[in-house]
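Input: a single structure, listed below in structure tokens.
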Amino acid sequence: MSKPSLARGTRDFGPEQMAKRTFIFDTIRRSFQRYGFLPLETPSFENLSVLMGKYGEEGDQLLFKLLNSGDFSGKLTEDDWKEGYKPLTSKISEKGLRYDLTVPFARYVVMNRGTLVMPFKRYQIQPVWRADRPQKGRYREFYQCDADVVGTDSLLCEAEIVTLLHDILPALGITDFTVKINNRKILTGIADVIGAQGMEGPLCVAIDKLDKIGKDKVVEELLERGFSSDSITLLDPIFTLSGEGDPFAELKSLLSGSEIGLKGIEELEEVWVLVKTLGLENPKIQFDVTLARGLSYYTGAIFEVKANNVQIGSISGGGRYDNLTGTFGVPGISGVGISLGVDRIYDVMEELGLFPESQKTSTKVMISNFDNDAFKYGLSILPKLRNAEINAEIYPDSVKLKKQLDYADRKNIPFVILIGSDEMQSGLLTLKNMKTGEQHKLSADDIITHLTSAAL
RNA sequence: GAGGUUGUAGCUCAGUCGGUUAGAGCGCUAGAUUGUGGUUCUAGAGGUCGCGGGUUCGAGACCCGUCUCCCUCCCCA
């Protein structure tokens with residue numbers, strides 16, 4: 001017999017936490033629905049052939065792989081062991097836990113493309129798993145809330161993602177946030193212009209750290225990653241490019257030699273215009289050339305949302321992927337989406353004290369259990385309360401009143417009905433208000449009326 | 001995956017240089033109070049000192065391994 005323990009990076013959610021989490025889920029779901037997204041659920045695990053290769057090399061490593069069931073090692077040879085763990089893994093594992101909701105969604109779209117109404121807008125709220133090393137705000141099991149549109153190139157989708165975020169976050173009480181936006185095409189353009197074609201991958205990784213480690217360290221890293229010093233010199237104006245003034249105009253002259261780079265800027269300008277047309281006042285959006293995001297499938301706009309004044313990573317991220325379904329044999333379906341991290345949003349709200357008070361009350365009234373006769377009498381009252389839509393319970397054991405009231409107190413139950421011989425004889429039950437301590441003798445019907453109208 | 005750090009009662013934590021029976025606060029249980037919660041008082045229960053090995057006459061403390069928490073890198077929600 002060993003002490004029970006939680007698997008690394010996982011958590012239980014007690015009743016109190018669940019009340020808060022449900023609040024977050026409900027708020028997000030309501031906004032998704034208001035924008036016309038339809039619900040979808042996909043399995044917790046998928047064939048590895050679906051998941052592998054979609055998140056870069058790093059991502060493949062972070063996939064939780066499921067060991068084949070049964071005699072998974074029966075057909076292995078000595079050589080299989082000697083080849084190392086990577087080839088071995090593919091021989092003993094064919095399935096893995098989902099890493100995000102976007103790839104399973106792409107799989108779903110491909111498999112159902114004949115029946116879907118295009119453009120298809122879906123939302124999906126489910127847990128995902130990553131074999132990461134846990135840290136503050138980083139878990140191995142966490143929920144994502146995704147909303148994606150596939151089957152249209154319209155930049156309205158990007159603009160609607162911006163307004164959607166401005167709907168959800170303030171509804172949760174998070175008012176101080178920044179939606180950072182960039183475009184992969186701009187990053188590609190930069191790589192072209194500085195003579196490092198095709199190297200936007202490593203360029204992104206390094207440039208992404210600018211605000212964290214500073215220009216000098218970024219330059220250092222770029223040199224290590226094989227960029228020539230000429231290229232880095234050409235990159236210089238990018239470093240000094242700030243969100244102020246008209247960064248687009250500045251960038252345009254820098255990228256004048258790159259068709260794709262200019263396209264990226266054009267797209268972003270269009271998004272800005274659409275956001276304004278949609279009537280969003282004081283949009284908290286910021287163009288950030290250094291925003292890169294590692295996920296390899298993004299091709300257009302990329303988003304990241306940061307809650308300000310808290311030490312927690314981004315609470316949301318997303319972007320446009322032109323060819324995600326291409327890897328499943330169906331090219332030409334463009335999609336764009338956003339993913340919100342409930343667990344990080346929870347941490348942010350906890351840190352800022354944003355959860356509304358008194359969500360705790362679940363039972364409104366408890367019937368006491370004085371003795372066997374009173375218990376039976378109470379059982380006849382209980383369904384009347386419930387039929388009147390009042391959350392009610394009866395104490396199951398005939399123990400001392402002290403204990404029963406203590407139970408009600410600790411469970412935050414605002415009212416208790418006391419039933420003894422007097423009450424049974426007269427039919428007038430004692431209703432006790434746990435907050436004020438007041439008691440009144442009332443008929444069962446009057447109690448129902450009173451509880452239905454009571455503010456609590 | 002690399003580095004650092006933590007682990008003692010349900011919770012938060014003391015525990016000196018390696019030395020007798022490992023402590024406190026909070027919580028929990030019971031009573032003071034035979035039909036009344038929160039406050040108060042009294043009593044009580046509760047420990048494989050993360051786990052495994054080692055050094056020692058003797059280990060909660062020292063050494064090695066391992067797991068876990070938290071942190072940095074990498075990457076991400």
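Throughout, a chain's letter reflects where its sequence line sits, starting with A, and its residues are numbered from 1. In this text the structure is predicted, and so the values were computed from the model without any measurement.
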| note | Contact string for nucleotides 31-44 of chain B, one letter per nucleotide 5' to 3', B = base within protein heavy-atom range under 4.0 Å, S = sugar-phosphate only, - = neither, reads S---BBBB------

| note | Between CD of A/Gln135 and C1' of B/rG3 the distance, given in whole Å, is 12 Å

| message | How many whole angstroms separate atom CG of A/Leu62 from atom C1' of B/rC76? | response | 8 Å

| Given side chains that start at C-beta, do those of A/Leu203 and A/Leu235 come closer than 4.5 Å, heavy atoms only? | yes

Angle between ring planes, [X] versus [Y], binned at 30° and 60°: parallel, tilted or perpendicular?
X: A/Tyr321; Y: A/Tyr298; answer: tilted
X: A/Phe32; Y: A/Tyr123; answer: tilted
X: A/Tyr99; Y: A/Tyr55; answer: tilted

For a quick check of understanding: with a heavy-atom distance under 4.0 Å over all strands, which category does [X] fall into, base, sugar-phosphate or nothing?
X: A/Gly137; value: base
X: A/Tyr407; value: nothing
X: A/Arg410; value: sugar-phosphate
X: A/Gly9; value: sugar-phosphate

| RNA chain B: 5'-proximal contact among A/Asp343 and A/Gln61 (nearest heavy atom) | A/Gln61

I'd like the [atom1] distance from [M] over to [N], given in whole Å.
N: B/rA61; M: B/rU20; atom1: P; answer: 14 Å
N: B/rG50; M: B/rG60; atom1: C1'; answer: 12 Å
N: B/rG53; M: B/rU12; atom1: C1'; answer: 31 Å
N: B/rG58; M: B/rU66; atom1: C1'; answer: 26 Å

| Do A/Arg344 and B/rC76 have a side chain to base donor-acceptor pair shorter than 3.5 Å? |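 Checked by distance alone, the answer is yes.
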
Who pairs with [N] - Watson-Crick or G-U, where each distance is under 3.5 Å:
N: B/rG38; value: none
N: B/rC17; value: none
N: B/rU66; value: B/rG50
N: B/rC26; value: B/rG10

| request: Give a yes or no on whether a salt bridge exists between A/Asp406 and A/Lys403, defined as a side-chain N under 4.0 angstrom from a carboxylate O. | output: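 No, this pair does not count.
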
| request: Please check the phosphate of B/rC69 (OP1 and OP2 only) for any side-chain N or O of A/Arg8 closer than 4.0 Å. | output: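 Yes, because at least one side-chain N or O of A/Arg8 sits under 4.0 Å from OP1 or OP2 of B/rC69.
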
| field | Within 6.0 Å of NZ in A/Lys376, more than 12 heavy atoms from elsewhere | value |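 No, the 6.0 Å shell around NZ holds no more than 12 heavy atoms from other groups.
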
| request: Please test A/Lys65 against A/Lys95 for side-chain contact (heavy atoms from CB on, under 4.5 Å), starting from the C-alpha separation and ending with a verdict. | output: CA-CA 6 Å; A/Lys65 287 143 194 120; A/Lys95 295 174 290 295; over 6 Å; no

